[in-house]
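Have a look at the structure below before the remarks.
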Amino acid sequence: MASNSTTVPASKQEHKPKNAEGGIHSFLLYVKQHWELYVIFLLPALALTLIFKYIPMGGILIAFQDYNPFRGILKSDWLGFTYFQRFLSSPDFMSYLANTLKLSVYGLLWGFPVPIILAFLLNRIQSKGIKKKIQLALYLPNFISVIVLCGIVRIFLSVTGPVNLLLGTQVNFMTMPGAWRTIYIASGIWQGAGWASIMYTAALANASQDLREAAVLDGANILQQIRVVEWPAIKDIVIIQFILQAGNIMSIGFEKAYALQTDLNLASSEIISTYVYKQGLISGNFSFSTAVGLFNTIINVILLVSVNKIVAKMNDGQGL
C-alpha cells in the first residue's frame, strides 16, 4: 500500500531562526572569504589615521631635546625634563594655568546646560514649521568661522559699536580684563549651543509618547514631565558629553582666544594654548612649546580618567 506522506521541498520548508552564535559564525566566515573588500574599504581610513595621528606623535621627543631643525630629532641634544622644570618654575605659570582653568570651568558650567535646555524647549513646540525655523536660526551661528565671529564681537563691543550706542556709553570692552572672559564664554554659547542641542533633540524623539500622555492625564506639570519622561531619554548622552567636555577642560583652542586678545586684556586672556603658539611659531622655541603642550595633554588625560571614575561612581557604575 502506497504511503500518503509527501516530502516537502527544501525550498518550501520553514526556515528556523538562526541563533546569535550561528549568525556571528556566518558573518566571520563571510569576512574571511571576502577579506580583500574589507581591506580596500578600511585601508584609506587606517592610512590617514596612521599618517596624521600616530606618526606625528614621535614629535613629542623634541620636548626632551634642545631641538635643532637642521640636525633633526635624532641628532639633537637630549636635555630630559629641563623645559618642563623651566615652565613649572616660571613666575607666569600659575597665571596661565589659572586663566585656562577659569575659562574652561566657567565655560563648562555656563555653556553645558544651555543645549539641554534648548532641546527641552524645542521639544515642547508642536508646530513642525515653526520648530524648523527656530532650529535653523539656532544652527546658523555654528557655520560662522571663528575669525569672522571675533570680528563681529569686536565691532559690536567697540567704542562706537551698537552696545555702547544702546547703553549710551563709550567703553572699550575688549580692553577690560574683567570683561574678556565673559565675552569669550557668551560668544561661544551663542555660536555653539544651538548646534550642540541636535543630539539631545534627536534623543528626545525616543521619549515615550504614551508615558507623556499618561503624565499629562495625571496632572503632571512641564517640569514633572521633563523629569519623569524626557530626562531618562537623554540621560546617557548627557553623561557621556559631560565626561568628554570635563576631560577636555585644558584643551582650549588658541584661535579664538588669540583673535580676541589685546595688549590690555592679557591678564585674563593669556592661556596655555596661546602661550604655546607664541613660544613655538612666533619665537621659534620649538622644544619649550612642545614641552608645555605635552604638559597640557597629560593634565587633560588625568582629568578625563578622573571625571569618568567620579561620574561612574555617582551613576551606578555607568561611565564612558
For a quick test of reading the model, state the closest non-hydrogen atom pair linking [X] to [Y] and the distance between them.
X: S269; Y: A257; answer: O-CB, 4.5 Å
X: T100; Y: I252; answer: O-CD1, 3.6 Å
X: L50; Y: P56; answer: O-CD, 4.4 Å
X: Q65; Y: Y83; answer: O-CE1, 3.2 Å
X: P177; Y: A267; answer: CB-CB, 4.3 Å
X: Q225; Y: R212; answer: OE1-CG, 4.1 Å

> ring pair (Phe, Tyr, Trp, His ring centres under 6.0 Å) with F295: which of F87, Y275, F84, Y96?
Replying inline: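 By the ring pair (Phe, Tyr, Trp, His ring centres under 6.0 Å) criterion, F295 pairs with just one of F87, Y275, F84, Y96: F87.
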Can you tell if the side chain of [X] reaches within under 4.5 Å of the side chain of [Y], non-hydrogen atoms only?
X: Q241; Y: P115; value: no
X: V171; Y: M176; value: yes
X: S273; Y: Y258; value: no
X: L29; Y: Q33; value: yes
X: L118; Y: Y200; value: no

For the hydrophobic clusters of this structure (ILVMFWY residues joined by side-chain heavy atoms under 4.5 Å, transitively), does one cluster hold both [X] and [Y]?
X: I125; Y: I222; result: no
X: V305; Y: L244; result: no
X: V114; Y: L122; result: yes
X: I299; Y: L88; result: yes
X: L109; Y: L303; result: yes

Is there a donor-acceptor contact under 3.5 Å from the side chain of [X] to the main chain of [Y]?
X: S289; Y: N285; answer: yes
X: S268; Y: R181; answer: no
X: W180; Y: L260; answer: yes
X: S283; Y: K278; answer: yes
X: S76; Y: N68; answer: yes
X: T201; Y: A119; answer: no
X: N164; Y: N172; answer: no
X: N265; Y: T262; answer: yes
X: Q191; Y: I144; answer: yes
X: D77; Y: D66; answer: no

What distance separates [X] [atom1] from [Y] [atom2], expressed to the nearest 0.5 Å?
X: L138; Y: W190; atom1: CG; atom2: CH2; result: 11.0 Å
X: S306; Y: I243; atom1: OG; atom2: CD1; result: 11.5 Å
X: L97; Y: S90; atom1: CG; atom2: OG; result: 11.5 Å
X: M174; Y: Q261; atom1: CE; atom2: CD; result: 10.0 Å
X: I60; Y: L294; atom1: CD1; atom2: CG; result: 5.5 Å
X: I234; Y: I226; atom1: CD1; atom2: CD1; result: 9.0 Å

>> I'd like to know if the side chain of Q85 pairs up with that of S89 as donor and acceptor (distance under 3.5 Å, no hydrogens or angles considered).
In response: no
>> Set out, in order, the CA-CA distance, both residues' side-chain angles and the distance that settles side chain to side chain contact (heavy atoms under 4.5 Å, CB included) for Q224 and D218, then state yes or no.
In response: CA-CA 11 Å; Q224 290 172 334; D218 290 340; over 6 Å; no
>> Go through it in stages, so that I can follow the logic: the residues are T160 and L165, the test is side chain to side chain contact (heavy atoms under 4.5 Å, CB included), and I'd like the CA-CA distance, side-chain angles, deciding distance and then a yes or no.
In response: CA-CA 7 Å; T160 58; L165 291 177; over 6 Å; no
Whether [X] and [Y] hold their rings parallel, tilted or perpendicular, with breakpoints at 30° and 60°:
X: Y277; Y: F254; result: parallel
X: F64; Y: W78; result: parallel
X: F286; Y: Y67; result: perpendicular

Flag yes if more than 12 heavy atoms outside [X] fall under 6.0 Å of its [atom1] atom; otherwise flag no.
X: E36; atom1: CD; value: yes
X: F156; atom1: CZ; value: no
X: L74; atom1: CG; value: no
X: Y106; atom1: OH; value: no
X: I73; atom1: CD1; value: yes

>> side chain to side chain contact (heavy atoms under 4.5 Å, CB included), that's the test. Do V238 and W231 meet it? Break it down for me.
In response: CA-CA 9 Å; V238 171; W231 171 250; 3.9 Å; yes
> So is R86 actually on top of F288's ring, under 6.0 Å and inside 45° of the axis?
Replying inline: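 That pair qualifies as a cation-pi contact.
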> Which of these, V146, I147, V153, sits in a side-chain contact (heavy atoms from CB on, under 4.5 Å) with C150?
Replying inline: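 The residue from V146, I147, V153 that satisfies side-chain contact (heavy atoms from CB on, under 4.5 Å) with C150 turns out to be V146.
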> Between V292 and Q279, is a side chain to side chain contact (heavy atoms under 4.5 Å, CB included) present by the stated rule, with each step listed?
Replying inline: CA-CA 10 Å; V292 177; Q279 289 292 323; over 6 Å; no
